[in-house]
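Working notes for the structure below.
Whatever order the structure lists ligands and atoms in, that order sets their numbers, starting from 1.
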Amino acid sequence: MTFGKQTFEAGSLKDADLTNARLLIVDDQHSVLESLKSLLDLKGFTTDVAQGGKAAVQALESRCYDVMLLDLEMPDMTGHEVLDYLRKYQIATKVIVVSGKSSFENVRKALVKGAYDYIRKPYIPEALITTIRNALAAGRLERQHGRMQEALRVSDAFHRSIVNNSPDFVYILNQDGYFIFVNDAVEKLLHYKKTDLIDRHYSTVVYEEDLDQAHYVFTERSRADGRARNVELRFKCKKYSQGKKAFDVHLMPIELNAAGGYNDSDTAEVSGECVGLYGTARDITERKESEALINYQAYHDMLTGLPNRALFEDRLKQSIAHAIRYKQRLAVMFLDLDRFKLVNDSLGHVVGDRMLKLVADRIQRCLREEDTLSRFGGDEFTLLLPEINSQKDAAIVAEKILGQLERPFNVDGHELFISASIGISFYPETGTTTEALFQGADIAMYNVKARGKNNYQLYSSKMNAAMYKRMAIELDLRKAIVDDQLELYFQPKYEIKSERIVGMESLVRWCHPKDGIIYPNDFISIAEESKLIIPLGKKVLTLACDEICRWQQHGIPPTRVSINVSSIEIEEKDFVPNMLQTIQGYGLDGSCFEIELTENTIMKNHEEMVQKLQVLSQHGIAIAIDDFGTGYSSLSYLEKFPVNTLKIDRSFVQNINTNGSDACIVDAITSMARGLKLNLVAEGVETDYQLSYLRDRGCFEVQGYLFCHPQKADRTIEILKNSRRVIPSEVSGN
Ligand code: C2E
Ligand code: CA
Ligand code: CA
């Protein structure tokens, strides 16, 4: 818009504006200057005069004038030259040409050069004043306009910089969905050049899977119901390798109203024609990722990456619903690693954690895709086998898993062995709720543990009763240990040749106030499970010390007492110092003792075990391998341990007369013991045939009912005093 010559009502300017306005009168004739000045001063204007063009330029250099009355013909510098000067220096003074004899052409030229108006001489004073007032008003308007333009320019630049410096992707789409504007942020966010996207369709940037949703919102917008909307979309970066990002997309239709202006879309009730979309997209990738991570963490075990308990329960619920609907069955397994704590305790959590991951991998290998393996916590895993056809199928899976775990694990150079106990429950046989299935599998698993671990069991309702019985025993046993209900029996070991007693094995008995004598097979495994074996073992040791002191008082020559020690006991950190302290507390020597450990006990955590046994050995305590032949009979380990004695398991001895292959095992063990220069004891000898067979194979020591049943402490003293083979008919023990 231009401001041409417009006529303003003189009244639109206030008197104050007139007096504030400053005028310059330029003419080469002194008289003209004089008369104009006196006229204008009279009208209240503030005026300066300049005689000639040069004087005018000087005056303009020293101050601003709102209006200049300019003569065109002047000898030193023409009015045209003054106008040129004004234009050159962009001086906003309004010029009214006051012309006398000037030609029309001359005046036209002046107007072209920017003069505001002209007035002919001789002038009518009123007309002159009106023209001046108009010029002043026009000048004022121009200045206002200029200020507005400047303000707009600044504000436009400001908004542009806001848009471009916005961390959000800001864009405008035309009504066909093509970008007609994108801000700088797109370069950082999606690695596109701004020019890459202009005139491209929005589908260029929308991630394929989100296209449907994008089409819906973008075209819904184009249909323009007038409202702004938010939607989450994923946009692709320019290169596939740069990935995709999640955006919170805000969309606003750009609508033309009837007047051809833009509607304010946030408030517009009645929509006009939609000419495009204005949108911003905020990068929420990080937030989405952390949400996804939090979600993942809530449902997964961080160590193994397996589903956790919460996710497992959820899947189980769904599977049950599915099984009900399609009349199918499903199996739940509870898998607990046997003695896993040892790995953690002896080799540290790092090794333990790695081991758990390897175990999880191996179990996973036994499963179908639809099965769920989850880590329940610690060394417990649960499995969900949906659509299982028969209990046999579940048993096959359990066997497969146990088989997979048999191979040693190699963790950080340690060769580790682990086994597992697996309990299995079924829908609908065991129960129809998640709780019932969990509980059933758990009970079945505990049954496996009680029966010696490394196996699996299907749940049966009888197990409940067994469970309660075990729990009752555990409670009772806790009391038994403190209430002195434990008693030691002793069973002598004989040297075959001399038939003399060479040692006494202590065997614990529980003298239950109501149930009478309870034998170790009925409570040792419970004691181990519940860790009660630790106080129980300590009790046994003190009872053994008591007896040895008693024997000394009876003048009985020193006789070694063998104490059975469970793996749980010796794996305790303080087992060795505790044992030594107790013995020393009684003033006894280590040579009064032997400990009997099973092969499997010493096989676990080699290094630590070797160390512990060495310390015991250094204190004169002998070490015997109990039930020899039933565990991992690897010769190499025997050399590493300070072992003194092997006790052939009584199952082999008892089969000597009937079973050729077990006799063979006895042969192998006897020759092995000889090779390793180890003392060999055969336990459970019941017949003369067994005795002579063993003697012929070079076994020197025996123990068994053929010689003596385990005896009460008082009876033991008598036997020791005789120190000879007791004729079985003489005693009736155990
Ligand atoms: P074990 O160490 O193998 O002990 C030998 C078991 O065989 C004893 O059973 C003993 O009574 C029995 N026995 C002895 N001679 C014969 C025989 O000629 N024929 C037959 N058939 N059996 C014979 P007991 O006392 O019931 O002990 C069972 C197991 O309980 C022991 O097996 C031992 O592993 C464990 N145990 C016993 N006392 C303790 C103890 O104080 N602490 C720990 N941790 N375990 C113990
Ligand atoms: Ca034993
Ligand atoms: Ca034994």
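The closest heavy-atom contact to atom 29 (C) of ligand 1, among the options Ile595, Val702, Asn521, comes from Asn521. When Asp626, Leu486, Val565 are ranked by how near their heavy atoms come to atom 2 (O) of ligand 1, first place goes to Asp626. The closest heavy-atom contact to atom 26 (O) of ligand 1, among the options Gly704, Pro520, Cys708, Ser525, comes from Pro520.
Residue Leu383 comes nearest to Leu335 through the heavy atom pair CD1-CB, 4.3 Å, listed as atom of the first residue, atom of the second, then distance.
Remark: Arg697 is positioned above the aromatic ring of Tyr693, its terminal NZ or CZ atom under 6.0 angstrom from the ring centre and at most 45 degrees off the axis.
Remark: the Asp627 side chain and the Thr598 side chain contain no N/O donor-acceptor pair separated by less than 3.5 Å. Judged purely by distance below 3.5 Å, without hydrogens or angles, the side chains of Ser498 and Glu495 pair a donor atom with an acceptor atom. Side-chain contact annotation: Thr716 with Gln711, donor-acceptor N/O pair under 3.5 Å absent. Between the side chains of Tyr459 and Asn464, at least one donor N or O sits under 3.5 Å from an acceptor N or O.
Ring pair Trp510/His512 is tilted by interplanar angle, where 30° to 60° counts as tilted.
Using a cut-off of 3.0 Å, one finds that Asn564 contributes an N/O/S atom close to the Ca ion (ligand 2). With 3.0 Å as the limit, Glu596 counts as an N, O or S neighbour of the Ca ion (ligand 2). Counting backbone and side-chain atoms alike, Asp626 contributes an N/O/S atom closer than 3.0 Å to the Ca ion (ligand 2).
No heavy atom of Gln703 sits closer than 4.0 Å to any atom of ligand 1. Look at Arg509 and you'll find a heavy atom under 4.0 Å from some atom of ligand 1.
At a 3.5 angstrom cut-off on N or O pairs, Val508 counts as close to ligand 1.
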